[in-house]
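All remarks here apply to the structure that follows.
Each chain gets a letter, A, B and so on, in the order its sequence line appears, and its residues count up from 1. Note that the structure is a prediction, hence the values are computed from the model and not measured.
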There are 2 protein chains.
Amino acid sequence: MASDVGRTKRPTMVDVATRAGVSLKTVSRVVNNVPHVQPELVERVLAAVAELGFRRNPSASSLRSGQATATIGLLIEEIANPFYAMIAGAAAEVARQHDTMLIIASSEEDPARERQLLRDMCARRVDGLLVVPAGDDHSFLRAEVELGTPMVFLDRPAGGLLADTVLLDNRGGARAGVRRLVEAGHRRIGVLLDSLSVYTMRERLDGAQDALAPAGVPYDTRLVRDGVRDPAEAARVVSEMLDRPDPPTAFFSLNNRITLGVIEELHRRGSDAAVLGFDDFDVARLVPHPLTVIAYDARELARTATELLFRRIGGDRSWPRTVVLPTELIARGAAPRRAGHAP
Amino acid sequence: MASDVGRTKRPTMVDVATRAGVSLKTVSRVVNNVPHVQPELVERVLAAVAELGFRRNPSASSLRSGQATATIGLLIEEIANPFYAMIAGAAAEVARQHDTMLIIASSEEDPARERQLLRDMCARRVDGLLVVPAGDDHSFLRAEVELGTPMVFLDRPAGGLLADTVLLDNRGGARAGVRRLVEAGHRRIGVLLDSLSVYTMRERLDGAQDALAPAGVPYDTRLVRDGVRDPAEAARVVSEMLDRPDPPTAFFSLNNRITLGVIEELHRRGSDAAVLGFDDFDVARLVPHPLTVIAYDARELARTATELLFRRIGGDRSWPRTVVLPTELIARGAAPRRAGHAP
DNA sequence: TATTGCTCGGACAACGTTGTCACAATAGCG
DNA sequence: CGCTATTGTGACAACGTTGTCCGAGCAATA
């Protein structure tokens, strides 16, 4: 009589049990695929589950069992950035293969926010955490790690915490790219970068210096410009450098947003300065200027990190490891008009 | 004595209560900011919380209170796609303003997977759901909606379900763009699109037809090509159309991936056919060919939808509404060389 | 047929939190 | 000074699920 009153609440296992005429525990067993339940009962339970539209309450489940929420967290800087979008896509794909949901949170480069978000995700009992660090102190996570939440850092190393890390060979890539510029005869190379406070930028700049020194090319700080936030700013800086008495014959841009601005300005002026850019981008081959990019596989970066994370979740207790993925030099853009450099 | 044994478990409110010398309930009150607790006790509890590193277990919390997990779900097609990345970014931003986490799941255009993911997110008791539909039947969500999970659909309408929806004016945008082509004298316009099974593509094609008919331009099905999946395929189709006896003098590309291929091929051939593309993209102004794009604000789309969702979560029970956001025509790319069309 | 061994169902408690209710302590009033 | 309001605190149960344990049922064997 009263059984169908109050259609407002979600069905529970008790409802299913009543409907199927079995005990609560039997429903639990069926739902959790525990073997040795009579096939006939299994069928009755499944029928009841379907009829009532029952779905297990994961809060109750993970509260009782104390384990697994089938969720991993990904902390990045900004999801709208294509680089992180690719990271997220690859991580989601691997997560899916493990029947796991992915929670994505953006730190917006703010260490305080990063801290809060990471704590929040831990409080949600995620099974594991993928982190592109924003701050440089992650010792506050040590307690969580000891409590058993596996973590893998990617793209940048963690600060003050021994943990699995997957990085790109920023330094080696920059070194190889700049070496090629130097070998092509360039001796004045303008370098534009976003912010030296970011690990990857420092590595890339170090790589550039690595390549300059052995070739006897002086490191001219007037040709290195920090704080270039967007394409417009990059264009301005390029313009300014080209107006100097001895303008650069080549530019090294440390990320792809900057590369766009550099190319735009060079194209506008009809300059034939060489451009080397860190980060490939999908329309690179369409740009109206010859361009060499230091490319890497962001998806592979995320895939490697996520697989490592799942190994940890699966119980791998070996010593934390650091993986460094290679970069690759690729020539892109319009064919060079003819590489003639200023004297 | 035994109180500090087993440092392996997370501290609970009971631990905090013991430490602070108050009752469990008082801890709960402090943690939940319930007023009328003696300031001194609040302080003691907070101190204990800090010392033990306590964080509330959200599983237990939401199990008991039956409400709010401070999480919303976003279902999209593929997170690595820049369009969806922007959607996700804007949604995450609004979610953050509401102290809410965002779970992102990708349907990969698979209705079965969409269904499973949506159910899964509902089972997780998300506070609300943002959905870019992949399938065309969402009646299976009716039960969830009635159970009180608010949902907002965006970019495409839901099938078989009355729900809040935020769309772009695909049809109007396409109409305006094609009208401009027609007014410029084009009478043979090649149309390239991804798949007619997608709502937005159908709308855009309809919009194109809307513009052709009143101008007396015949709708030539030989100039409409479905199933153009990637830039390479688009380039092939363009090449083929240009080799016809009466080649198109303009192309309308229904998404930006196609636009890239179209432009690449036109540029390669040195053709000056006009290009109209749906979707703006960040390097559009760099492309070596004049180009008009039908642009829209994807972030605004997501923002509107997410804000609507939070209004629902906040208790707005008004009749479901549909919002249509405008598009805009923008001229991009290299300046036209001189618009001379074939006779 | 009695005994053993094995399978499988069900009663019960527990996970960590919060809502309900009742009680203690204090203040306000006649 | 005793009575009621008001405020602050705690005992208890409950959320929905799962682990433990016991015992009923049944087949195989002596």
Side-chain angles (χ1 to χ4, degrees), chain A residues 6 8-46 48-49 52-71 120 122-126 147-148, chain B residues 6 8-46 48-49 52-71 120 122-126 147-148:
Chain A
T8 142
K9 284 185 56 186
R10 292 187 142 82
T12 72
M13 284 194 177
V14 175
D15 301 323
V16 175
T18 310
R19 178 88 171 210
V22 299
S23 84
L24 168 59
K25 185 65 211 191
T26 300
V27 175
S28 171
R29 278 196 257 258
V30 172
V31 168
N32 292 293
N33 288 313
V34 174
H36 309 308
V37 177
Q38 277 188 25
E40 192 216 317
L41 291 191
V42 172
E43 209 152 310
R44 280 203 343 240
V45 169
L46 290 180
V49 164
L52 297 175
F54 166 81
R55 234 144 321 124
R56 168 169 71 195
N57 181 331
S59 289
S61 176
S62 84
L63 169 60
R64 173 62 238 234
S65 64
Q67 67 193 359
T69 47
T71 307
D120 202 11
C122 287
R124 275 162 203 263
R125 305 292 195 276
V126 291
L147 249 31
Chain B
T8 141
K9 284 185 55 188
R10 292 186 140 83
T12 72
M13 284 194 178
V14 176
D15 301 324
V16 175
T18 310
R19 179 89 169 210
V22 299
S23 84
L24 167 60
K25 185 63 211 194
T26 299
V27 175
S28 171
R29 280 193 258 259
V30 172
V31 168
N32 293 292
N33 290 314
V34 174
H36 308 306
V37 178
Q38 275 190 22
E40 192 215 317
L41 290 192
V42 172
E43 208 152 312
R44 263 169 39 206
V45 169
L46 290 180
V49 164
L52 297 175
F54 166 80
R55 235 144 320 124
R56 169 170 71 195
N57 181 330
S59 289
S61 175
S62 83
L63 170 60
R64 175 61 239 235
S65 65
Q67 67 192 0
T69 48
T71 306
D120 203 11
C122 287
R124 276 163 202 263
R125 306 291 196 277
V126 291
L147 248 31

message = Checking A:Thr12 against A:Asn57 for the side chain to side chain contact (heavy atoms under 4.5 Å, CB included) test, could you report, in this order, the C-alpha distance in whole Å, the side-chain angles of both residues, the deciding distance, and whether it holds?
response = CA-CA 8 Å; A:Thr12 72; A:Asn57 181 331; over 6 Å; no
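- Screening B:Val30, B:Asp15, B:Val16 for a side-chain contact (heavy atoms from CB on, under 4.5 Å) involving B:Val49 leaves a single residue, B:Val16.
- Per the geometry, CZ belonging to A:Arg124 stands 19 Å off P belonging to C:dG16, to the nearest Å.
- Distances shorter than 4.0 Å separate some side-chain N or O of A:Asn32 from OP1 or OP2 on D:dT18.
- For the pair A:Lys25 NZ and D:dC21 P, the computed distance is 12 Å after rounding to whole Å.
- The closest donor-acceptor contact from the side chain of B:Arg125 to the backbone of B:Ala123 lies under 3.5 Å.
- Residue contacts shown for B:Val37 are limited to sugar-phosphate atoms, with no base heavy atom under 4.0 Å away.
- Here the C1' atom of nucleotide D:dG16 and the CE atom of A:Met13 are 8 Å apart, to the nearest Å.
- Side-chain nitrogen and oxygen atoms of A:Ser23 include at least one within less than 4.0 Å of the OP1 or OP2 phosphate oxygen of C:dG10.
- Protein atom CG of A:Asp15 is 11 Å distant from nucleotide atom P of D:dC15, rounded to whole Å.
- Note on A:His36: every side-chain N or O is 4.0 Å or more away from OP1 and OP2 of C:dT7.
- Side-chain atoms of B:Asn32 never come within 3.5 Å of backbone atoms of B:Val34 as a donor-acceptor pair (strictly under, hydrogens ignored).
- Atom CZ in B:Arg56 sits roughly 17 Å away from atom C1' in C:dC15 (whole-Å rounding).
- Checking the phosphate oxygens (OP1, OP2) of C:dG16, no side-chain nitrogen or oxygen of B:Arg10 falls inside 4.0 Å.
- Heavy atoms only, all atoms of each residue included: B:Arg10 and A:Leu147 are closest at CG-CD2, 3.6 Å.
- Contacts of A:Val22 with the nucleic acid, taken as non-hydrogen atoms under 4.0 Å apart, involve only primed sugar atoms and P, OP1 or OP2.
- Residues A:Leu52 and A:Pro11 share a closest heavy-atom pair of O-CG, 3.3 Å.
- As rounded to whole Å, 14 Å separates atom C1' of C:dG16 from atom CG of A:Asn57.
- With a 4.5 Å cut-off on side-chain heavy atoms, A:Arg124 and B:Thr71 count as touching.
- For C:dT18, its base sits under 3.5 Å from the side chain of B:Arg64 at one donor and acceptor pair at least.
- Taking only side-chain nitrogens and oxygens, B:Thr26 comes nearer than 4.0 Å to OP1 or OP2 of D:dG10.
- If you check every strand for non-hydrogen atoms under 4.0 Å, B:Ser28 touches a base.
- The two residues A:Arg19 and A:Ala48 come nearest to each other via the heavy atoms CG-CB, 3.6 Å.
- Between A:Val14 and B:Gly21, the one whose closest nucleotide on DNA chain D sits nearer the 5' end is B:Gly21.
- The phosphate of C:dT7 has neither OP1 nor OP2 within less than 4.0 Å of any side-chain N or O from A:Gln38.
- The nearest whole Å value for the distance from the CG atom in A:Leu63 to the C1' atom in C:dA13 is 13 Å.
- For B:Leu24 and D:dA11, the CG to P distance is 9 Å, given to the nearest whole Å.
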Just the atom pairs and distances: protein N or O near nucleotides 21-28 of chain C's N or O, under 3.5 Å.
none

